[in-house]
Amino acid sequence: MHHLRTSSRLPRSGNAALAAGALIQAALGTEFVFAGLSKAVNHDYAAQFKGFVQGSPGATSGLLAPLIQLLVVPNIDVAAQLAKYIELVAGTILLLAAVEVLRRRFSAPLGAPHGYEPLVALLSACAALALGALSLGIYMVQGGRLPTINPAFAFSSPIAIELLVVPFLVGIAWLELGRFRALRELNARA
């Protein structure tokens, strides 16, 4: 049985931060993989996407409305497929990168370093940023506003999930970019 590895190059809090980040990353990756798969098995997805976009307040007014009318509405089928595949591919990347962080917490041979790790970290950072942009875009299309104090939210969340995941994804991207730099420097020294 492999034992969890304690690294001499990181304080224990560094390992704990990586593990916590990987847990959040795995949860977000799983969320987006399931969302992408749900779109993939929905035979009416393209029509529903068209109705969603055209019926949303942010498509006709607001900051993104001109962009949506210029780029998304005329290319609605392409936009629908793009949203589906961003969720599916980027979610899978986040999930696999989280597993890779977990793998490195073990001693060799399972936890041995590999030359592909910097690329995985960089891809994961890009995936997190793409999903963050997609989530923020969806929130804006829905006519989302900044969260406020409202008695109607006394028993529900005042922050929509599309907006809530954005800072988590930016945090994951930041963590993965830091991991990319550290792993790239470590590989350069080896």
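All values below come from the heavy atoms of this structure, side chains included, with hydrogens, waters and symmetry mates left out.
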Determine whether [X] and [Y] fall in the same hydrophobic cluster, where Ile, Leu, Val, Met, Phe, Trp and Tyr are linked whenever their side-chain heavy atoms lie under 4.5 Å apart.
{"X": "L96", "Y": "L88", "answer": "no"}
{"X": "L95", "Y": "Y85", "answer": "no"}
{"X": "F32", "Y": "I86", "answer": "yes"}

How long is the straight-line distance from [atom2] of [Y] back to [atom1] of [X], given to the nearest 0.5 Å?
{"X": "K39", "Y": "F49", "atom1": "NZ", "atom2": "CZ", "result": "8.5 Å"}
{"X": "L94", "Y": "I24", "atom1": "CG", "atom2": "CD1", "result": "12.0 Å"}
{"X": "Y116", "Y": "L123", "atom1": "OH", "atom2": "CG", "result": "12.5 Å"}
{"X": "R181", "Y": "L183", "atom1": "CZ", "atom2": "CG", "result": "11.5 Å"}

Has the side chain of R103 got a donor or acceptor atom that lies under 3.5 Å from a matching backbone atom of A112?
-> yes
Please tabulate, one pair per line, all N/O donor-acceptor pairs under 3.5 Å involving side-chain atoms of residues 60-84, not counting sequence neighbours.
{"unit_1": "T60", "atom_1": "OG1", "unit_2": "P57", "atom_2": "O", "d": "3.3"}
{"unit_1": "S61", "atom_1": "OG", "unit_2": "P57", "atom_2": "O", "d": "3.3"}
{"unit_1": "Q69", "atom_1": "NE2", "unit_2": "A59", "atom_2": "O", "d": "2.7"}
{"unit_1": "N75", "atom_1": "ND2", "unit_2": "L71", "atom_2": "O", "d": "2.8"}
{"unit_1": "Q81", "atom_1": "OE1", "unit_2": "K84", "atom_2": "NZ", "d": "2.7"}

Please walk me through it: do L18 and R105 pass side-chain contact (heavy atoms from CB on, under 4.5 Å)?
-> CA-CA 9 Å; L18 278 173; R105 303 302 96 199; 3.9 Å; yes
All N/O donor-acceptor pairs, side-chain side in residues 150-177, below 3.5 Å, sequence neighbours left out:
{"unit_1": "N150", "atom_1": "OD1", "unit_2": "A152", "atom_2": "N", "d": "2.8"}
{"unit_1": "S157", "atom_1": "OG", "unit_2": "I159", "atom_2": "N", "d": "3.2"}
{"unit_1": "S157", "atom_1": "OG", "unit_2": "I159", "atom_2": "O", "d": "2.9"}
{"unit_1": "E176", "atom_1": "OE1", "unit_2": "R179", "atom_2": "NE", "d": "2.9"}
{"unit_1": "E176", "atom_1": "OE1", "unit_2": "R179", "atom_2": "NH2", "d": "3.2"}
{"unit_1": "E176", "atom_1": "OE2", "unit_2": "Q25", "atom_2": "NE2", "d": "3.0"}
{"unit_1": "E176", "atom_1": "OE2", "unit_2": "S124", "atom_2": "OG", "d": "3.4"}

Quiz: residues 133-147 side-chain donor-acceptor pairs under 3.5 angstrom, not counting sequence neighbours:
{"unit_1": "S135", "atom_1": "OG", "unit_2": "L131", "atom_2": "O", "d": "3.0"}
{"unit_1": "Y139", "atom_1": "OH", "unit_2": "R145", "atom_2": "N", "d": "3.1"}
{"unit_1": "Y139", "atom_1": "OH", "unit_2": "R145", "atom_2": "O", "d": "2.2"}

Less than 4.5 Å apart, any side-chain heavy atom of L37 and any of V41?
-> no
